[in-house]
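The structure appears right after this line, and notes come after that.
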Amino acid sequence: MSLLSVQELQTHFIYRDIDYQFREAKALNKVTLSLNAGEVLGIVGETGAGKSLTAQSICGLLRPPAQIVGGSVMFDGKELLSLSEDEINAIRGADIAMVVQNPRSSLDPLTQIGKQLVRVHQTHSGGTILESRQKALDMMRAVGIPDPLGRFNAWPHELSGGMAQRVLIAMALMNEPKLLIADEPTTGLDVTVQAQILDLLEDLVNQFDMACMIITHDLGIVAHYCDQVAVMFAGEIVEQGPTKRVFQTPAHPYTQQLLAATPERLQMGIRSQLGGQPPDLFNLPTGCLSQDRCPKSTKKCETPPPMIDVSSGHLARCHFAESDNKAGSKGGD
Ligand SMILES: Nc1ncnc2c1ncn2[C@@H]1O[C@H](COP(=O)(O)OP(=O)(O)O)[C@@H](O)[C@H]1O
Ligand code: SF4
Ligand SMILES: [Mg+2]
């Protein structure tokens with residue numbers, strides 16, 4: 001059984017107009033993905049595809065007007081969508097932890113970093129302060145913060161961007177989560193620090209035997225670090241499977257376009273390189289959401305495509321996925 005199984009998750013932003021009419025931005029449409037213990041899953045897609053919203057929906061971090069209107073999130077045998085706010089808070093920070101982009105905004109600027117780590121441990125562990133303090137020092141060491149004892153009383157503003165991200169990772173790991181979600185964990189850091197942080201995450205995932213979801217717009221990161229990849233477009237997972245297989249024989253036209261663009265061009269932003277606009281979330285087309293951007297679109301695409309099993313564990317949401325893959329297959333991995 002998967003550690004995390006998300007089925008047909010739908011998150012909408014629901015507004016009530018001045019004339020009391022409801023308007024809904026359908027930001028997540030049928031997000032279906034799964035992740036096993038010990039696996040690293042990359043979620044990739046252009047800005048606005050719904051990557052962060054997927055993470056926030058899984059973690060119970062949505063605020064109005066965002067609302068989950070359908071689907072299921074099974075984690076470790078529990079349906080998270082039927083838990084109370086207290087129950088989900090108890091899981092978040094303990095069994096599921098999150099690391100976000102721009103670590104400084106996630107650290108409390110008025111509290112020394114050691115105290116912040118102790119606080120996270122105390123909230124969930126029920127141990128003594130001394131035990132939490134020792135755990136904080138151990139974690140600071142594990143994430144490569146030099147001289148943890150000396151840095152225990154440092155203030156967030158005294159840290160470089162890379163060091164602040166290490167503190168945030170230490171904080172995420174304080175309660176040894178089963179699932180770590182890292183949302184663009186290295187965006188904004190310089191290239192050398194990016195590689196250091198990602199190598200660190202990879203080591204920690206192995207050391208603590210966690211599952212990890214890395215959200216990124218960087219295909220190079222996915223190719224290097226992720227066992228599985230899920231490609232998002234307009235709030236849907238359009239393709240998921242083992243990274244090597246998806247990258248060698250992409251079955252969805254959007255994935256094919258992404259992979260055909262050079263890394264240098266993708267660095268400049270996925271959407272600006274592929275051209276076109278995402279569909280209007282307030283007024284989605286009835287058929288395939290990729291229609292307006294898809295070079296292979298036909299009349300059939302005016303009906304929603306099902307998720308097709310391209311090969312074992314490799315799925316694609318396109319009417320023509322199976323035949324495309326057969327025609328273009330080079331033999332998988
Ligand atoms: N308050 C809001 N009202 C309507 N749509 C929103 C709101 N906030 C975010 N969105 C939309 O939700 C979509 C998903 O956003 P997000 O998950 O942040 O994308 P990503 O992380 O892939 O860049 C985007 O298209 C964004 O425009
Ligand atoms: S169903 Fe049609 S529009 Fe959608 S991705 Fe496939 S070919 Fe393109
Ligand atoms: Mg995002």
Side-chain angles (χ1 to χ4, degrees), residues 9-17 22-31 33 42-59 61-69 98-102 105-106 181-188 213-218 221 230-239 250-258 269-272 274 276-308 310 315-325 327-328:
L9 180 65
Q10 290 171 276
T11 300
H12 295 179
F13 291 90
I14 303 178
Y15 296 93
R16 200 164 173 180
D17 278 349
F22 286 102
R23 294 198 324 128
E24 290 187 34
K26 296 176 178 169
L28 290 191
N29 305 290
K30 301 187 200 135
V31 171
L33 55 86
I43 300 197
V44 70
E46 63 192 33
T47 302
K51 305 180 297 296
S52 299
L53 203 56
T54 299
Q56 290 157 11
S57 301
I58 292 169
C59 293
L61 284 170
L62 296 177
R63 293 289 164 262
Q67 199 177 311
I68 294 176
V69 297
M98 205 163 156
V99 175
V100 293
Q101 184 184 350
N102 192 1
S105 63
S106 303
I181 299 180
D183 187 355
E184 307 263 4
T186 56
T187 306
M213 186 188 285
I214 299 183
I215 293 173
T216 177
H217 55 267
D218 186 332
I221 290 178
V231 181
M232 276 198 93
F233 178 79
E236 282 187 342
I237 304 292
V238 295
E239 185 154 6
H252 194 283
Y254 181 67
T255 317
Q256 290 163 359
Q257 281 182 305
L258 281 185
I270 289 174
R271 192 183 316 145
S272 62
L274 296 186
Q277 291 296 317
D280 175 6
L281 299 178
F282 285 99
N283 193 15
L284 288 176
T286 46
C288 177
L289 300 184
S290 305
Q291 273 172 85
D292 291 347
R293 299 258 300 265
C294 181
K296 298 185 178 173
S297 172
T298 68
K299 188 85 183 145
K300 189 173 183 184
C301 307
E302 288 170 18
T303 56
M307 201 58 146
I308 288 175
V310 177
L315 304 164
R317 195 181 288 281
C318 171
H319 286 301
F320 307 105
E322 209 171 3
S323 49
D324 265 9
N325 192 52

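The figures here come from the full heavy-atom set of this structure, side chains too, leaving out hydrogens, waters and symmetry mates. Whatever order the structure lists ligands and atoms in, that order sets their numbers, starting from 1.
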Say you draw a straight line from [atom1] of [X] to [atom2] of [Y]; how long is it, rounded to the nearest 0.5 Å?
X	Y	atom1	atom2	answer
K30	R317	NZ	CZ	6.0 Å
H12	Q67	NE2	CD	9.5 Å
I181	C59	CD1	SG	4.0 Å
L284	N29	CG	CG	5.5 Å
L53	L28	CG	CG	4.0 Å
C301	K296	SG	NZ	11.0 Å

With the threshold set at 4.0 Å, does a side-chain nitrogen-carboxylate oxygen contact exist between E46 and R293?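 Yes, charged N to carboxylate O under 4.0 Å.
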Q. When you look at Q101 and T187, which way does the side chain to side chain donor-acceptor pair (under 3.5 Å) test go after all the steps?
A. CA-CA 6 Å; Q101 184 184 350; T187 306; 4.7 Å; no
Could you give me the CA-CA distance, side-chain angles and deciding distance for L61 and M98, then say whether side chain to side chain contact (heavy atoms under 4.5 Å, CB included) is met? CA-CA 11 Å; L61 284 170; M98 205 163 156; 3.9 Å; yes
Count of protein N, O or S atoms below 2.8 Å from atom 4 (Fe) of ligand 2 equals 1
For ligand 1, protein residues within the heavy-atom limit of under 4.0 Å are F13, Y15, A25, A27, E46, T47, G48, A49, G50, K51, S52, L53, L281
